Chemist: 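Quick one: structure below, then a few questions.
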Amino acid sequence: MALKIFNTLGGQKETFEPLTPGRVHMYVCGVTVYDSAHLGHCRFLITFDVIYRYLRFLGFDVNYVRNFTDVDDKIIKRANEENASCEAITERYIGEFHQDSGALGLLAPTIEPRATAHIAEIVEMIKRLEAQGLAYRVDGDVFFSVAGFGDYGKLSRKNIDELEAGARVEVDERKRSPLDFALWKSSKPGEPTWESPWGHGRPGWHIECSAMSTKYLGQPFDIHGGGRDLIFPHHENEIAQSEGAYGRPLARFWLHNGFLNINQEKMSKSLGNFFTIREILDDFDPAALRHYFLSSHYRSPMDFSKDGLNEAARATDRIIETLDRVNYWAGYGAPVVADPAVIESFRAEMDDDFNTPRALALIFDEVRSLNRLLDGKKSKGIEERGAALGAICDTLGLLRDGYADRKKQRFLKKTNITIEQIKEFIDLRDQARAAKNWQEADRIRDQLAANGIVLEDTVQGTMWKVK
RNA sequence: GGCGGCGUACCCAAGUGGUUAAGGGAGAGGUCUGCAAAACCUCGAUGCAGCGGUUCGAAUCCGCUCGCCGCCUCCA
């Protein structure tokens with residue numbers, strides 16, 4: 001049994017073995033902090049959170065680095081619009097990002113480096129590239145010379161000549177080739193700026209990832225990830241910089257997640273067709289959102305819809321209900337060993353390029369089996385299989401703890417109904433039921449149902465839940 | 001123009017050469033229940049965009065056609 005991962009570099013699944021036995025070094029390109037994170041970001045965050053969790057589940061000690069791009073044209077633009085400092089903007093959105101991450105149940109990376117805290121390393125790397133003859137200065141800017149790096153295009157499988165022919169970018173005439181990109185930009189008055197051998201300026205976008213990944217993970221490291229759109233030019237440029245500077249590979253496995261579309265179009269800031277993470281979490285549980293993303297393979301494109309998210313929410317309810325039943329049945333007593341056969345099946349699915357849709361199918365097979373056992377009042381293996389199911393959910397990061405409470409809280413927040421009122425209705429109905437006044441009991445229940453509250457008569461009494 | 005991807009039941013979505021095409025949601029019938037809810041059971045694509053081809057055998061490989069999308073520019 002071995003983990004196989006689809007490697008963009010090479011375009012096929014390859015057996016994964018870390019360079020250092022037992023330790024995985026992983027870098028994922030994070031976000032530019034100039035605005036609230038949206039569902040598209042959510043997908044890449046959850047994708048790599050699951051990969052991180054699964055690698056840990058396999059027993060690897062994972063060094064997971066995910067950066068913040070906190071110096072960039074968009075940040076400067078935003079700061080100017082708000083008449084605020086860039087620091088104020090980036091601090092605000094890094095704070096928001098951490099709130100969203102917490103709400104989504106994302107495991108914190110080992111380190112979250114910021115570009116502005118690594119200017120020295122960036123300058124050092126550019127100097128190295130200059131020494132290698134791969135960089136050239138024009139006025140106060142420094143560009144990378146693509147012509148000097150023979151492997152350029154190997155990740156995105158692009159041919160330099162065709163790229164030049166197809167380029168419809170406004171070409172900076174000072175560049176030797178239209179594909180050359182900025183390593184260092186001279187800064188205009190009012191922009192963030194640092195001292196450098198080339199005068200005052202700031203780093204280009206791509207160089208920060210090269211500098212920071214090398215600093216924290218060495219070179220080469222095991223896994224480099226990000227969204228599909230980063231393949232070209234961002235990751236291609238990172239490779240050119242890092243491999244050009246050090247003469248050895250940057251990363252061994254390159255993973256890219258598919259896009260989240262909406263109405264067949266890419267969800268993006270520029271198109272304005274996005275939902276922010278926080279607005280979706282007002283209406284949906286983070287576990288449901290995660291379930292929704294996991295129901296599709298991470299490399300496939302997805303078309304977002306609230307209907308789809310609602311379906312995922314109902315499916316999540318089903319898993320949670322079963323886990324609750326198991327917990328009730330078993331109590332929260334002594335921990336048991338998770339059923340090894342179930343865990344093994346989970347591994348088999350996930351080892352195949354993190355096939356979460358199949359892992360979910362396994363979860364539902366287990367849900368059905370467990371419910372059948374619980375219905376039959378048979379005890380054989382319930383605790384072990386329940387423990388396995390719980391472990392699988394945890395490895396996927398489905399936030400099962402507090403699920404029912406969160407659902408109730410969202411409901412109570414959106415309506416003016418209080419728990420006390422609901423309990424009063426339940427008491428009234430219980431009295432009617434005790435008197436076998438079924439008509440009145442049903443009337444109360446129907447009334448609550450009309451308000452989105454479902455009652456369940458159980459041996460422990462009447463429970464309520466949100467529809 | 002170049003490169004890459006997709007099209008599987010009402011909806012979402014696995015499967016990429018070999019017994020009956022996973023799983024979820026919705027739907028229908030049933031068991032349980034005072035009635036419900038939940039759960040469980042049963043049903044549901046002789047077919048995988050279309051047409052050809054390769055093969056003993058294809059949703060899976062090849063070719064063509066149709067439809068859709070992404071990257072080539074900041075973007076997860």
Side-chain angles (χ1 to χ4, degrees), chain A residues 8 11 28-32 34 37-48 66 69 72-74 77 153 156-159 161-170 178-179 205 225-234 236 256-261 264-271 291-292 294-297 299-303 305 307-319 321-322 324-325 349 352 355-365 367-368 370-376 433 436-439 441-442 445-446 449 454-458 462-465 467:
Chain A
T8 304
V28 173
C29 290
V31 293
T32 301
Y34 72 104
H38 61 67
L39 248 27
H41 301 115
C42 188
R43 185 171 190 201
F44 106 85
L45 290 167
I46 285 177
T47 294
F48 289 100
R66 189 185 61 212
T69 296
D72 163 89
D73 290 346
K74 292 190 290 293
K77 181 164 173 266
S156 53
R157 276 182 228 95
K158 289 185 185 302
N159 177 307
D161 302 330
E162 285 164 356
L163 276 173
E164 284 183 292
R168 44 190 170 101
V169 209
E170 217 178 296
L179 291 173
W205 174 37
R228 279 204 78 80
D229 53 348
L230 296 185
I231 295 174
F232 190 92
H234 184 56
E236 199 70 71
H256 296 96
N257 65 279
F259 272 117
L260 183 68
N261 298 325
Q264 320 275 28
E265 274 185 318
K266 176 173 158 181
M267 183 180 284
S268 72
K269 287 276 161 59
S270 47
L271 291 169
H291 185 132
Y292 180 59
L294 299 188
S295 69
S296 188
H297 186 87
R299 283 190 285 115
S300 306
M302 275 185 95
D303 201 56
S305 74
D307 284 347
L309 193 44
N310 268 315
E311 283 184 11
R314 281 191 285 272
T316 306
D317 284 348
R318 186 163 147 76
I319 300 170
E321 295 245 16
T322 300
D324 285 349
R325 282 186 79 185
E349 306 298 14
D352 183 15
N355 196 328
T356 55
R358 289 200 76 99
L360 284 174
L362 171 68
I363 284 177
F364 285 107
D365 286 342
V367 162
R368 169 168 289 112
L370 278 164
N371 279 325
R372 209 179 334 209
L373 289 174
L374 290 160
D375 280 356
R433 291 179 71 217
K436 295 207 189 299
N437 184 351
W438 307 124
Q439 203 182 352
D442 290 347
R445 188 176 57 201
D446 291 346
V454 180
L455 298 187
E456 287 188 24
D457 298 321
T458 73
T462 300
M463 309 298 207
W464 72 278
K465 63 180 186 183
K467 191 179 193 302

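On a predicted model such as this, the values are computed, not experimentally measured, just so you know. Both backbone and side-chain heavy atoms feed into the values below; hydrogens, waters and symmetry mates do not. Residue numbering restarts at 1 for every chain, and letters A, B, ... go by the order of the sequence lines.
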Chemist: With sequence neighbours left out, write down each residue that passes side-chain contact (heavy atoms from CB on, under 4.5 Å) with Arg368(A), or none if nothing qualifies.
Modeler: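 Counting only residues at least two positions away or on another chain, Arg368(A) forms a side-chain contact (heavy atoms from CB on, under 4.5 Å) with Arg318(A), Arg372(A).
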Chemist: What string of B, S and - do you get for nucleotides 36-43 of chain B 5' to 3' if you count protein non-hydrogen atoms under 4.0 Å?
Modeler: BBSSSS--
Chemist: With a cut-off of 6.0 Å (strictly less than), are more than 12 heavy atoms of other residues, nucleotides or ligands near CZ of Arg325(A)?
Modeler: yes
Chemist: Taking atom P in both A59(B) and U8(B), compute the distance separating them and give it to the nearest angstrom.
Modeler: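 Taking atom P in both A59(B) and U8(B), they lie 15 Å apart.
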Chemist: In whole angstrom, give the distance that lies between atom OH of Tyr34(A) and atom C1' of C74(B).
Modeler: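 To the nearest whole Å, that distance equals 8 Å.
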Chemist: Hey, does Leu260(A) reach any base, or is it just sugar-phosphate, or nothing, if we go heavy atoms under 4.0 Å?
Modeler: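 Base: the residue Leu260(A), judged by heavy atoms under 4.0 Å, touches a nucleobase.
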Chemist: Let me see the working for Asp317(A) and Arg314(A) under salt bridge (Lys or Arg N to Asp or Glu O under 4.0 Å), right down to the final yes or no.
Modeler: CA-CA 5 Å; Asp317(A) 284 348; Arg314(A) 281 191 285 272; over 6 Å; no
Chemist: Without decimals, in angstroms, what is the distance between Leu360(A) CG and G24(B) P?
Modeler: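 Answer to the nearest Å: 11 Å.
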Chemist: Across all strands, who's sitting opposite A49(B) as a Watson-Crick or G-U wobble pair, both distances under 3.5 Å?
Modeler: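 Base partner found: U65(B).
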Chemist: How close or far is atom C1' of G25(B) from atom NZ of Lys467(A), stated in whole angstroms?
Modeler: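 About 13 Å, once rounded to whole Å.
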Chemist: Answer whether the closest heavy-atom distance between the side chains of Arg358(A) and Asp352(A) falls below 4.5 Å.
Modeler: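 Answer no - side chains too far apart.
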Chemist: Taking only the C1' atom of each, what is the distance from G17(B) to U60(B) in whole angstrom?
Modeler: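 Rounded to whole Å, the distance is 6 Å.
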Chemist: Kindly write out the residues that satisfy ring pair (Phe, Tyr, Trp, His ring centres under 6.0 Å) with Tyr292(A), not counting sequence neighbours, or none if the list is empty.
Modeler: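 Counting only residues at least two positions away or on another chain, Tyr292(A) forms a ring pair (Phe, Tyr, Trp, His ring centres under 6.0 Å) with Phe304(A).
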Chemist: In whole Å, what is the span from the CZ atom of Arg299(A) to the P atom of G4(B)?
Modeler: 15 Å
Chemist: Could you check which nucleotide pairs with U16(B) in any of the strands shown, counting Watson-Crick or G-U wobble with both distances under 3.5 Å?
Modeler: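 Per the H-bond distance test, none.
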Chemist: Would you check if Trp438(A) stacks with the base of G34(B), given a 5.5 Å centroid limit and a 30° plane limit, both strict?
Modeler: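 It does: the two rings, one from Trp438(A) and one from G34(B), meet the stacking criterion.
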Chemist: Looking at the side chain of Ala315(A), which of A76(B), G24(B), G34(B) is the nearest nucleotide?
Modeler: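 Closest nucleotide to the Ala315(A) side chain: G24(B).
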Chemist: Let me know the distance between NZ of Lys74(A) and P of C74(B), rounded to the nearest Å.
Modeler: 9 Å
Chemist: Looking only at atom C1', what distance separates G34(B) and G24(B), rounded to whole Å?
Modeler: 33 Å
Chemist: Any non-hydrogen side-chain atom of Phe232(A) less than 4.5 Å from a side-chain atom of His234(A)?
Modeler: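 The answer is no; the side chains never approach within 4.5 Å.
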Chemist: Quote, to the nearest angstrom, the P distance that separates C43(B) from A58(B).
Modeler: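 Those two atoms are separated by 27 Å.
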Chemist: Check Asn261(A) against Pro301(A) and note the closest heavy-atom contact, atom names and distance.
Modeler: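 In terms of heavy atoms, the two residues are closest at ND2-CB, 4.1 Å.
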Chemist: Has the side chain of Asp307(A) got a donor or acceptor that lies under 3.5 Å from a partner of the other kind on the base of G25(B)?
Modeler: no
Chemist: What's the gap between A9(B) and G47(B) when it is taken at their C1' atoms, as a whole Å value?
Modeler: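 Going atom to atom, C1' in each nucleotide, I get 10 Å.
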Chemist: Measure across Leu230(A) and Gly226(A) and return the closest heavy-atom pair with its distance rounded to 0.1 Å.
Modeler: CD1-CA, 4.2 Å
Chemist: Which letters describe nucleotides 9-16 of chain B, given B = protein heavy atom under 4.0 Å from base, S = only from sugar-phosphate, - = neither?
Modeler: --B-SSS-
Chemist: Between Asp457(A) and Arg433(A), does any NZ, NE, NH1 or NH2 come within less than 4.0 Å of an OD or OE carboxylate oxygen?
Modeler: yes
Chemist: With His38(A), which residues qualify under ring pair (Phe, Tyr, Trp, His ring centres under 6.0 Å), at least two apart?
Modeler: His41(A), Phe274(A)
Chemist: If each of Phe364(A) and Asp229(A) is mapped to the nucleotide of RNA chain B with the nearest heavy atom, which maps nearer the 5' terminus, i.e. the 5' end?
Modeler: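 The residue whose closest nucleotide sits nearer the 5' end is Phe364(A).
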Chemist: Please give the distance between the C1' atoms of G70(B) and A76(B) as a whole number of Å.
Modeler: 14 Å
Chemist: Restricting to side-chain hydrogen bond (donor to acceptor under 3.5 Å, both in side chains), what partner residues turn up for Ser156(A), sequence neighbours left out?
Modeler: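 Partners of Ser156(A) under the side-chain hydrogen bond (donor to acceptor under 3.5 Å, both in side chains) test: Glu236(A).
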Chemist: Given the P atoms of U42(B) and G25(B), what is the spacing between them in whole Å?
Modeler: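 Roughly 15 Å separates the two P atoms.
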Chemist: Provide the Watson-Crick or G-U wobble partner of U55(B), both distances under 3.5 Å; none if there is no partner.
Modeler: none
Chemist: Once you round it to whole Å, what is the distance between P of C3(B) and CD of Glu236(A)?
Modeler: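 Distance check: Glu236(A) CD to C3(B) P gives 16 Å.
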Chemist: Whole-Å distance between C3(B) P and Arg157(A) CZ?
Modeler: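 Arg157(A) atom CZ is separated from C3(B) atom P by 12 Å.
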Chemist: Using a heavy-atom cut-off of 4.0 Å across all strands, would you classify Gly11(A) as base, sugar-phosphate, or nothing?
Modeler: nothing
Chemist: So what's U60(B) paired with, Watson-Crick or G-U wobble, going by both distances under 3.5 Å?
Modeler: none
Chemist: Given that both distances must come in under 3.5 Å, which nucleotide forms a Watson-Crick or G-U wobble pair with G70(B)?
Modeler: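 Base-paired to C3(B).
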Chemist: Hunt down the Watson-Crick or G-U wobble partner of C40(B), both distances under 3.5 Å, from any strand shown, or write none.
Modeler: G30(B)
Chemist: Round to the nearest Å and state the distance from Asn159(A) atom CG to G2(B) atom C1'.
Modeler: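 Going from Asn159(A) (CG) to G2(B) (C1'), I get 9 Å.
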Chemist: Applying the Watson-Crick and G-U wobble criteria at under 3.5 Å, what pairs with C10(B)? Answer none if nothing qualifies.
Modeler: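 For C10(B), the partner nucleotide comes out as G25(B), under the 3.5 Å rule.
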Chemist: Would you indicate what Phe232(A) reaches in the nucleic acid, counting non-hydrogen atoms under 4.0 angstrom: base, sugar-phosphate, or nothing?
Modeler: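 Sugar-phosphate, no base atom in range.
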Chemist: Take atom P in C62(B) and the same atom in U54(B), then report the distance between them in whole Å.
Modeler: 15 Å
Chemist: Report yes if the side chains of Ser296(A) and Arg43(A) come closer than 4.5 Å at any heavy-atom pair, otherwise no.
Modeler: yes
